[in-house]
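Worksheet for the structure shown next.
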Protein chains: 2
Amino acid sequence: MSQPEIRNMEEFAAISGISRPTVSKYFHDPSSVRKSTRMRIEAALEKYDYRPNIYAMNQNRKLTKNIGIVVPYLADPFFGEIVRMIEGRCIEAGFTPSLFSSHGDQAHENDILDSLRSMKPAGVLLAPLGRQSDKSAIETFCKHVPTVLFDSNIEGMGEAFVGSDNHSFVSQTVEYLSRTGQSPCFFEMRTPANPNANKRRIAYLSMMERLGLEPHVIKIDGTGWGFEEIGRQGGLKVLSEKSLPTNTVLCSNDRLAIGFLAACYESGVRVGRAPGCELRVASHDDHPFSRFTCPSLTTAAHDYNAVSDHSVETLFRLIESGGRFENRAESLFPARLIMRESA
Amino acid sequence: MSQPEIRNMEEFAAISGISRPTVSKYFHDPSSVRKSTRMRIEAALEKYDYRPNIYAMNQNRKLTKNIGIVVPYLADPFFGEIVRMIEGRCIEAGFTPSLFSSHGDQAHENDILDSLRSMKPAGVLLAPLGRQSDKSAIETFCKHVPTVLFDSNIEGMGEAFVGSDNHSFVSQTVEYLSRTGQSPCFFEMRTPANPNANKRRIAYLSMMERLGLEPHVIKIDGTGWGFEEIGRQGGLKVLSEKSLPTNTVLCSNDRLAIGFLAACYESGVRVGRAPGCELRVASHDDHPFSRFTCPSLTTAAHDYNAVSDHSVETLFRLIESGGRFENRAESLFPARLIMRESA
DNA sequence: ATCAAAATTTTACCCGCGTAAATTTTACTA
DNA sequence: TAGTAAAATTTACGCGGGTAAAATTTTGAT
């Protein structure tokens with residue numbers, strides 16, 4: 001709040017009695033200037049509320065302080081949560097996060113990568129669409145921008161991957177379910193959008209074999225990112241056909257399970273581990289809504305904090321290393337079994 | 001893909017055999033240059049994949065082509081949906097949307113407004129936190145940036161407001177519920193985060209009075225944006241106390257209702273309009289998950305398309321008008337009653 | 001008080017583009 | 001083919017800072 005409008009750093013430097021390059025240094029890193037100087041600048045800052053032009057700043061900087069965050073589908077609260085944590089870490093570290101959602105669409109994902117390149121970000125945290133991704137577009141992007149993939153892995157792309165250990169997820173649910181009742185059949189989409197789904201199926205099959213149990217994979221139709229409705233339709237079909245081989249269903253992910261549970265309710269099938277229930281249902285992810293399903297969903301939980309923390313830390317290391325790692329590291333975090341009422 | 005790396009527009013212009021200012025014009029608006037010129041530029045563009053430096057572009061432009069989108073809580077799929085629609089419209093119109101979430105936190109909202117100002121956006125679509133917003137911060141912001149508020153209104157702030165007609169929402173649910181059964185009591189948070197909640201309560205009271213029915217407002221405790229858990233806790237309490245005055249509950253919003261339905265299920269209370277049910281539950285918003293609750297949720301639906309379309313169109317008109325409107329217009333869209341199984 | 005190290009200032013140049021005005025070229029009409 | 005409007009080029013300047021090197025000042029320790 002003041003009389004004279006400060007137009008640029010030149011004027012601000014003049015008024016605060018300090019040279020422009022020093023002021024420039026201050027905005028780069030306040031701790032890089034002498035304490036007395038810092039206080040003079042900050043005093044002037046309160047009187048004249050000046051802020052440097054970010055476009056002029058980034059124009060010449062080799063590495064900007066921007067970090068791109070790309071998720072495949074923001075209407076999924078799972079990603080909403082992840083994004084919140086990641087954003088917070090970036091801001092703490094003095095970076096400016098920019099958020100993008102591919103909204104389940106390949107063309108959109110490519111457009112995002114395009115505009116992201118022109119932003120010259122210090123680094124990018126990318127959760128790709130997966131099967132729908134344009135691999136070559138992502139590969140090209142990663143050559144130009146320091147990128148850490150998270151949530152959904154694409155072999156060889158990005159300098160690192162941080163995600164969840166699908167085997168840990170499935171082994172815990174399968175072990176628990178088969179120990180406490182009939183062995184689970186595996187409920188998934190026929191053409192899953194996400195590579196995690198494939199890994200979970202494989203983990204299910206290997207786990208069942210190890211336990212000497214007969215595996216049953218139920219593949220349901222449907223495309224797109226409306227997993228709940230796909231799960232519901234698939235559930236209605238399976239239940240009406242009475243084709244379930246066992247009384248225990250393990251869904252590939254919570255969103256499918258949410259739809260499946262809706263189908264059970266509509267069909268009058270009682271779900272849970274309580275006496276009188278016909279079916280047990282469990283799943284993977286610990287989706288933010290999974291504790292509010294009816295019954296509440298037994299599931300294997302992501303370590304949200306670990307995944308987001310480690311993603312960000314990996315990206316920071318990558319940035320400090322100049323954008324390249326020796327080897328592409330893959331960090332996988334185990335699941336934690338959350339026992340609720342559904343199984 | 002080519003040998004020589006193009007570093008700037010000067011070089012690109014030289015290679016494509018056209019003057020730099022003309023190339024600059026092309027990137028401003030490809031249709032503003034002669035057809036033959038355009039083809040030459042585009043041919044060169046394919047060979048040398050050059051892209052202008054966005055920071056240098058925006059530095060001197062009086063109005064950038066950026067549009068800021070701010071929502072209060074991105075982990076709510078409702079906003080995920082809205083954002084997807086709004087982003088699409090902005091891109092169609094040649095703007096570059098930037099997405100921000102306040103994550104339910106006032107300081108974060110203020111920070112967003114700060115960095116948004118330094119982006120010098122052509123306009124901003126702002127869904128404020130509501131009660132938690134720093135009114136003076138928002139007011140200051142709106143003075144400097146053409147802003148259209150949406151979803152959640154704050155009197156007098158921004159050049160326009162686009163949202164839903166809460167009276168339409170509540171009148172339809174109340175009318176329907178009281179016509180088909182016992183009159184509804186109203187279930188809400190004691191200190192709602194959002195001004196819509198207050199309007200809905202007022203609408204409930206006036207509607208009940210008009211129908212000559214006795215109103216009952218149930219206020220539950222809890223703060224923050226974890227509405228589902230708040231609704232669940234409140235539901236458990238109300239159900240255990242058996243303090244419900246009627247067998248029909250109208251929740252202020254779907255997220256509360258999702259929690260309330262979970263509480264009903266846990267408590268063994270059968271919900272629905274089918275025979276044998278003890279309780280009816282309805283709500284407002286048509287949250288993306290409301291069709292997957294058990295039972296599926298009868299609710300008054302936002303016109304997502306209308307709200308997002310009209311928000312964007314209003315902002316475009318505002319931008320074309322130079323950032324100011326004569327009068328602050330408030331556009332409210334009516335609800336559509338979605339009858340499902342819960343009431 | 002002396003002196004080296006750290007911090008700051010000066011100086012000087014660059015970045016990549018926007019934009020305006022005057023001039024020249026091109027395209028279309030009569 | 002002349003005349004004219006549209007498009008393109010030239011010219012010239014500005015934007016708001018980054019950044020490097022050398023010169024100067026300040027700081028802190030001896």
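Note: hydrogens, waters and symmetry copies are ignored here, and every other heavy atom, side chains too, is used. Just so it is clear: chains get the letters A, B, ... in the order the sequence lines come, proteins before strands, and each one is counted from 1.
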Counting only side-chain N and O atoms of H28(B), is one of them less than 4.0 Å from OP1 or OP2 of dC17(C)?
no
- Does N8(B) make a side-chain N or O approach to OP1 or OP2 of dG16(C) shorter than 4.0 Å? yes
Any side-chain donor paired with an acceptor under 3.5 Å for [X] and [Y]?
| X | Y | answer |
| --- | --- | --- |
| D309(B) | S311(B) | no |
| Y26(B) | E42(B) | yes |
| S133(B) | E109(B) | yes |

Rounded distance (Å) that lies between atom [atom2] of [N] and atom [atom1] of [X]:
| X | N | atom1 | atom2 | result |
| --- | --- | --- | --- | --- |
| M57(A) | dC15(D) | CE | C1' | 15 Å |
| K65(B) | dG18(C) | NZ | C1' | 15 Å |
| K120(A) | dC15(C) | NZ | P | 14 Å |
| Q59(B) | dC14(C) | CD | C1' | 13 Å |
| E10(B) | dC14(C) | CD | P | 14 Å |
| N58(A) | dG17(D) | CG | C1' | 11 Å |
| M119(B) | dG16(D) | CE | P | 18 Å |
| R7(A) | dG17(D) | CZ | P | 12 Å |

Out of dG16(D), dA8(D), dG18(C), minimum distance to the side chain of T37(B) belongs to dA8(D)
So Y50(A), base contact, sugar-phosphate only, or nothing? Heavy-atom distance under 4.0 Å. sugar-phosphate
Whichever of K35(B) and S36(A) has the more 5' nearest nucleotide on DNA chain D, that residue is K35(B)
In this structure, are over 12 heavy atoms from other groups packed under 6.0 Å from R38(A) atom CZ? yes
Does CZ in R7(B) sit with more than 12 non-hydrogen atoms of other residues, nucleotides or ligands closer than 6.0 Å? no
Handout entry: side-chain contact (heavy atoms from CB on, under 4.5 Å) between L116(A) and V70(A), worked out
Key = CA-CA 10 Å; L116(A) 218 36; V70(A) 187; 3.6 Å; yes
Secondary structure of DNA chain C per the Watson-Crick/G-U criterion (both distances under 3.5 Å; [ ] crossing, | other strand, . unpaired) is ||||||||||||||||||||||||||||||
Exercise. Could you tell me whether a side-chain N or O of T22(A) sits under 3.5 Å from a main-chain N or O of I18(A), the two making a donor and an acceptor?
Key: no
Indicate, with yes or no, if the rings of Y73(B) and F78(B) have centres closer together than 6.0 Å.
no
Q | Test: E330(B) and R328(B) ion pair at under 4.0 Å | A | yes
Per the under-4.0 Å heavy-atom filter, residues of residues 16-26 of chain A near DNA chain C come out as I18(A), S19(A), R20(A), P21(A), T22(A)
